[in-house]
Amino acid sequence: SAAGKAPKPTDAQLEAFVKAHASEFSTPQYRGLTYAEATPDQVVDQISVTDKHLHNQYELDIDKYKVPEKRDIEQITFPDEKTAEAASAKIAAGNSFDDIAKSRGLKTSDIQLGELQESDLGGARGKAAFALKLNDISKPVKGTFGWVIMKVTKITPGTSKTFDEVKDTIKKKVMQTLAVNKITDMVNAFEDAMAGGDTLVEAAKKAKMKIVQIKAVDKDGMTPAGTK
């Protein structure tokens with residue numbers, strides 16, 4: 001009452017107010033829609049997987065389940081067996097592997113072969129290197145380009161998982177693959193039916209896809225009741 005009588009707003013003021021508070025004076029646009037969907041859950045009952053199928057997948061992925069032992073190996077190469085034997089005798093007498101490398105003018109980077117599995121070395125070298133214990137040094141071994149002495153600086157054990165241990169994992173993977181293939185077939189059938197003149201609902205029924213109807217939804221996925 002102390003403020004006195006408020007003046008009557010003009011049409012221009014009202015229009016400006018409505019414009020500034022548009023959300024208070026309007027409702028979002030809603031649309032009713034129908035869509036067809038195909039998901040793995042819909043086709044899982046149509047898929048059967050045999051043990052033979054799973055065994056085949058196991059063999060295809062065998063490198064994942066059977067990982068060979070790997071070793072970090074250092075190697076010094078000699079021109080002949082006599083020189084290699086002399087170096088081996090020095091090591092037996094107390095010289096270190098690095099001492100022998102330095103005497104031949106080799107740096108640490110020159111003798112490091114990196115992490116290898118037995119098949120990477122092959123033949124006598126592979127057998128000799130993988131028969132050693134950690135930090136052991138081999139006797140002279142005939143290599144591809146002369147005679148070698150090797151040292152193992154690190155051993156990474158191999159791993160092996162049997163078919164029974166990974167059967168459930170393989171089955172899940174195979175089922176997912178077959179489900180995707182099945183869904184692809186359904187979508188192709190749906191598109192063929194649409195191309196033939198069927199409505200979305202008719203095409204979905206032919207393709208055995210699920211039909212979903214929504215009565216009203218706005219662009220943010222909300223219903224008129226304010227729920228998602």
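Taken to the nearest 0.5 Å, the CG atom of D98 stands 6.0 Å off from the NZ atom of K102. S48 OG to M175 CE: the interatomic distance, rounded to the nearest 0.5 Å, is 8.5 Å. Going from atom CD of E202 over to atom CD1 of I211 covers 9.5 Å, rounded to the nearest 0.5 Å. Atoms OG and CD1, from S160 and I62 in turn, are 7.5 Å apart once rounded to the nearest 0.5 Å. In this structure, T83 OG1 and I76 CD1 are separated by 12.5 Å, a value rounded to the nearest 0.5 Å. Distance check: E85 CD to D80 CG gives 10.0 Å after rounding to the nearest 0.5 Å.
The shortest distance between side-chain heavy atoms of E37 and Q42 falls below 4.5 Å. Residues E191 and N188 have side chains in contact (heavy-atom distance under 4.5 Å, counting atoms from C-beta outward). Here the side chains of T184 and V187 are not in contact, with every heavy-atom distance at 4.5 Å or above. Two residues are said to be in side-chain contact when any heavy atoms from C-beta on lie closer than 4.5 Å; I170 and D61 fail this criterion. Contact check for V180 versus I183: no side-chain heavy atoms found under the 4.5 Å cut-off. Residues I137 and I149 meet the side-chain proximity criterion, which asks for heavy atoms closer than 4.5 Å. A heavy-atom distance below 4.5 Å is found between the side chains of R125 and Q75. Residues L121 and L113 form a side-chain contact, since some pair of their non-hydrogen atoms from C-beta on lies under 4.5 Å apart.
Summarising the geometry of A38 relative to M186, their closest heavy-atom pair is CB-CE, 4.0 Å, with the distance given to 0.1 Å. Across all non-hydrogen atoms, the minimal contact from A129 to I73 is CB-CD1, 3.8 Å. Here the closest non-hydrogen pair linking R104 and P79 is NH2-CD, 3.5 Å. The heavy-atom pair separating A204 from F190 by the smallest distance is N-CD1, 3.6 Å. Between P9 and L14, the closest heavy-atom pair is CG-CD2, 3.8 Å. A216 and Y30 make their closest contact through CB-CB, 4.1 Å (heavy atoms, listed as atom of the first residue, atom of the second, distance).
Contacts classified as ring-ring contact (aromatic ring centres under 6.0 Å, His included) and involving residues 115-155 (residues at least two apart or in different chains) are not found. Sorted by first and then second residue, the ring-ring contact (aromatic ring centres under 6.0 Å, His included) pairs involving residues 43-96 (not counting sequence neighbours) are H55-F163, Y58-Y65, Y58-F163. Pairs passing the side-chain hydrogen bond (donor to acceptor under 3.5 Å, both in side chains) check and including a residue from residues 203-218, sequence neighbours excluded, read D198-K206.
Put simply, V49 and V166 are part of the same group of oily side chains (I, L, V, M, F, W, Y) that touch within less than 4.5 Å, one to the next. The same ILVMFWY cluster, assembled from side-chain heavy atoms under 4.5 Å apart, contains both L178 and V43. By the criterion of side-chain heavy atoms lying less than 4.5 angstrom apart, applied directly or through intervening Ile, Leu, Val, Met, Phe, Trp or Tyr residues, M150 is not grouped with L106; the two fall into different hydrophobic clusters. Residues L132 and F97 do not share a hydrophobic cluster, defined by chaining ILVMFWY side chains whose heavy atoms lie under 4.5 Å apart. Follow the hydrophobic side-chain contacts under 4.5 Å out from L116 and you reach V141 in the same cluster.
Remark: the backbone N or O of K107 is paired with a side-chain donor or acceptor of D110 at under 3.5 angstrom. When atom types are taken as modelled, the side chain of D99 and the backbone of S96 share a donor-acceptor pair closer than 3.5 angstrom. Checking side-chain atoms of T153 against main-chain N and O of D72 turns up a donor-acceptor pair under 3.5 Å. Looking at S26, its side chain does come within 3.5 Å of a backbone N or O of A22 through a donor-acceptor pair.
Side-chain contacts under 4.5 Å among hydrophobic residues (ILVMFWY), followed directly or transitively, place I214 together with L33, Y35, V212, V217.
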### Message
As a quick check of understanding, evaluate side chain to side chain donor-acceptor pair (under 3.5 Å) for S109 and Q112, giving each step before the final call.
### Response
CA-CA 5 Å; S109 59; Q112 292 176 333; over 6 Å; no

### Task
Begin from the C-alpha positions of Q29 and K219 and carry the test side-chain contact (heavy atoms from CB on, under 4.5 Å) through to its verdict.
CA-CA 8 Å; Q29 181 187 84; K219 64 182 179 64; over 6 Å; no

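Crowding of K142 atom NZ: a count of heavy atoms from other residues, nucleotides or ligands under 6.0 Å exceeding 12. Counting heavy atoms of neighbouring residues, nucleotides and ligands inside a 6.0 Å radius, atom NZ of K66 exceeds 12 of them. Residue D220 qualifies as enclosed at atom CG: its count of foreign heavy atoms under 6.0 Å is above 12.
The only member of N56, L54, T169 that meets side-chain contact (heavy atoms from CB on, under 4.5 Å) when paired with V174 is L54.
Residues passing the side-chain contact (heavy atoms from CB on, under 4.5 Å) test with I155 are E69, R71, L134, V152, sequence neighbours excluded. Take D51 and apply the salt bridge (Lys or Arg N to Asp or Glu O under 4.0 Å) test, not counting sequence neighbours, and it matches K167.
Taking the ring centroids of H21 and F17, they lie under the 6.0 Å cut-off.
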